[in-house]
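The structure that follows is given in the form of structure tokens.
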Amino acid sequence: MKNLYIPKGQALNYDTLETEHLVVNGILNVAHGLKARTISGDGLVLAGTVSADDIRVRELEAASVYCLRLAAKRVQAAEVFASESAAVSCYLCADYVSADRLTVALHEVGKIDAREVAVLTPKERSLFRLLLASALRSLWASMTTPREREVLDAEYRQVQEEPSAGKTEDPRDEELERIISIFKLLRNSGYTLKVIPGTPEDNAPAFNFLAERANLPAA
């Protein structure tokens, strides 16, 4: 079936339906899957799963909706996936909505995954006015959102490499650390260290038992 038109006051029921262009001014009830390139009209669409490029209807109720663009007055669905835009002028009720740009008035949505969300004041709008308001909101947001500027001529600073895990650090010289600590302690106490040539045995003091005193080596 290439085209299907349902006039106002008429209701049709299908188990599944696939068509190119669908215009619903009455009521369409599809138990399982509904596939079409375009769905439009001022009627009510009831379906298990709706898949289309463009959907522009007054009222849509479905378990899942997959489309490029959605514009409706009222939408009730478990999940809505609109890869480009979704606009609902009166009421949107869904567990999950994914869209690049979402425009809604009153809504009850469990989770929204959208790059841009615009909330309109609830009022009566035609689909044309709804799409126009959505486009104006999107244009205003793109003009007022600051853009990230590329940083040029930034200061160059070389990063020092951390020692790799495979390299071993030099062992600690505990004797040197001890001498440095003694030097700092004596300096703070008013003493000065003096370097004397010779071994510790050569510079050891000799005790004079007759004089009862220690003879220090000449400096």
Side-chain angles (χ1 to χ4, degrees), residues 1-139 141:
M1 189 181 300
K2 189 172 183 179
N3 300 313
L4 177 62
Y5 172 71
I6 302 176
K8 185 177 180 180
Q10 184 177 353
L12 294 181
N13 298 292
Y14 292 90
D15 186 34
T16 59
L17 177 62
E18 184 172 354
T19 181
E20 286 287 325
H21 304 285
L22 174 63
V23 179
V24 181
N25 288 331
I27 299 175
L28 174 63
N29 187 2
V30 180
H32 299 291
L34 168 60
K35 292 183 179 181
R37 179 174 296 179
T38 62
I39 302 175
S40 61
D42 196 31
L44 169 63
V45 177
L46 306 169
T49 301
V50 179
S51 178
D53 291 342
D54 288 278
I55 302 176
R56 299 188 182 187
V57 295
R58 177 177 60 87
E59 194 163 352
L60 174 62
E61 295 184 12
S64 300
V65 179
Y66 304 92
C67 63
L68 295 177
R69 294 165 292 273
L70 168 65
K73 190 173 184 180
R74 284 179 293 270
V75 174
Q76 297 188 50
E79 51 187 9
V80 176
F81 298 89
S83 57
E84 292 186 8
S85 63
V88 182
S89 62
C90 184
Y91 178 68
L92 170 63
C93 179
D95 292 333
Y96 176 76
V97 174
S98 175
D100 183 70
R101 185 173 68 255
L102 175 63
T103 305
V104 291
L106 294 176
H107 61 281
E108 293 183 14
V109 181
K111 182 180 179 181
I112 296 177
D113 184 7
R115 178 184 59 84
E116 178 184 325
V117 178
V119 179
L120 304 177
T121 303
K123 61 175 66 175
E124 288 292 332
R125 294 183 180 88
S126 63
L127 291 182
F128 174 76
R129 291 180 60 192
L130 172 64
L131 295 176
L132 179 61
S134 175
L136 292 176
R137 286 291 183 92
S138 178
L139 178 61

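Keep in mind that this is a model prediction, so the values were computed, not measured.
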Distance-only check: which donor-acceptor pairs under 3.5 Å involve side-chain atoms of residues 3-11, not counting sequence neighbours?
from: Tyr5; atom 1: OH; to: Asn25; atom 2: ND2; distance (Å): 3.4

Is any side-chain heavy atom of Val65 closer than 4.5 Å to one of Ile55?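 In contact.
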Would you mind reporting whether Leu17 and Leu28 have side-chain heavy atoms less than 4.5 Å apart?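 Contact flag for Leu28/Leu17 side chains = yes.
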What are the two closest heavy atoms between Gly41 and Val23, and how far apart are they?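 Reported closest heavy-atom pair: CA-CG1, 4.4 Å.
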Hey, could you give me the CG/NZ distance between Asp53 and Lys35, rounded to the nearest 0.5 Å?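 NZ of Lys35 is found 12.5 Å from CG of Asp53.
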Would a 4.5 Å heavy-atom cut-off, applied to side chains only, mark Arg74 and Arg58 as touching?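 The answer is yes; the side chains approach within 4.5 Å.
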Taking atom types as modelled, find out whether Thr16 and His32 have a side-chain donor-acceptor pair closer than 3.5 angstrom.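 Side chains of Thr16 and His32: no pair found under 3.5 Å.
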Could you state the interatomic distance from CZ (Arg69) to CZ (Arg101), rounded to the nearest 0.5 Å?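 One gets 10.0 Å once the value is rounded to the nearest 0.5 Å.
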Can you run down the ring-ring contact (aromatic ring centres under 6.0 Å, His included) pairs that involve residues 37-58, sequence neighbours left out, and say none if there aren't any?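 Pairs touching residues 37-58 that pass the test: none.
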Polar side-chain atom of Thr49 near backbone of Ser64 as donor-acceptor pair, under 3.5 Å: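 Side chain of Thr49 to backbone of Ser64, a donor-acceptor pair under 3.5 Å: no, none is there.
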CG on Leu22 to OG1 on Thr38, rounded to 0.5 Å: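 So the OG1 of Thr38 and the CG of Leu22 are separated by 7.5 Å.
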Determine whether Val117 and Ile112 make a side-chain contact, defined as any pair of heavy atoms from C-beta on separated by less than 4.5 Å.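 Side chain of Val117 against side chain of Ile112, heavy atoms only: contact under 4.5 Å found.
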Just to verify, what does Tyr91 make a ring-ring contact (aromatic ring centres under 6.0 Å, His included) with, not counting sequence neighbours?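 Partners of Tyr91 under the ring-ring contact (aromatic ring centres under 6.0 Å, His included) test: none.
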If you take all heavy atoms of Ala47 and Leu34, which pair is closest and at what distance?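 Ala47 and Leu34 have their closest heavy atoms at CB-CB, 4.2 Å.
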Drop me the distance from Asp54's CG to Leu70's CG, to the nearest 0.5 angstrom.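 That separation rounds to 10.0 Å.
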Side-chain contact, heavy-atom cut-off 4.5 Å: Leu92 with Val97?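 The answer is yes; the side chains approach within 4.5 Å.
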With the side chain counted from C-beta on, respond yes when Arg115 and Asp100 share a heavy-atom pair under 4.5 Å apart, and no when they do not.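 Arg115 vs Asp100: side chains touch.
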What pairs with Asp42 under side chain to side chain donor-acceptor pair (under 3.5 Å), at least two apart in sequence or on another chain?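 Asp42 satisfies side chain to side chain donor-acceptor pair (under 3.5 Å) with no other residue.
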Whether Glu20 and Arg37 form a salt bridge (side-chain N of Lys/Arg under 4.0 Å from carboxylate O of Asp/Glu) is what I want to check.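 Answer for the salt bridge query: yes.
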Looking at every non-hydrogen atom in both residues, tell me the closest pair between Ala82 and Ser85 and how far apart they are.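 So the minimum-distance heavy-atom pair works out to CB-O, 3.4 Å.
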Less than 4.5 Å apart, any side-chain heavy atom of Val45 and any of Ile27?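 A side-chain contact under 4.5 Å is absent here.
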Per-pair distances, 0.1 Å, donor-acceptor, side chain in residues 104-111, under 3.5 Å, sequence neighbours excluded:
from: His107; atom 1: ND1; to: Ala105; atom 2: O; distance (Å): 3.1

Once ring-ring contact (aromatic ring centres under 6.0 Å, His included) is applied, do any residues pair with Tyr14, and if so which ones, sequence neighbours excluded?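 Tyr14: no ring-ring contact (aromatic ring centres under 6.0 Å, His included) contacts found.
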When the ring planes of Phe81 and Tyr96 are compared, do they come out parallel, tilted or perpendicular, using 30° and 60° as the limits?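 Phe81 vs Tyr96 ring planes: tilted.
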Between Val50 and Leu60, does the side chain to side chain contact (heavy atoms under 4.5 Å, CB included) criterion hold? Intermediate values first, please. CA-CA 9 Å; Val50 179; Leu60 174 62; 4.1 Å; yes
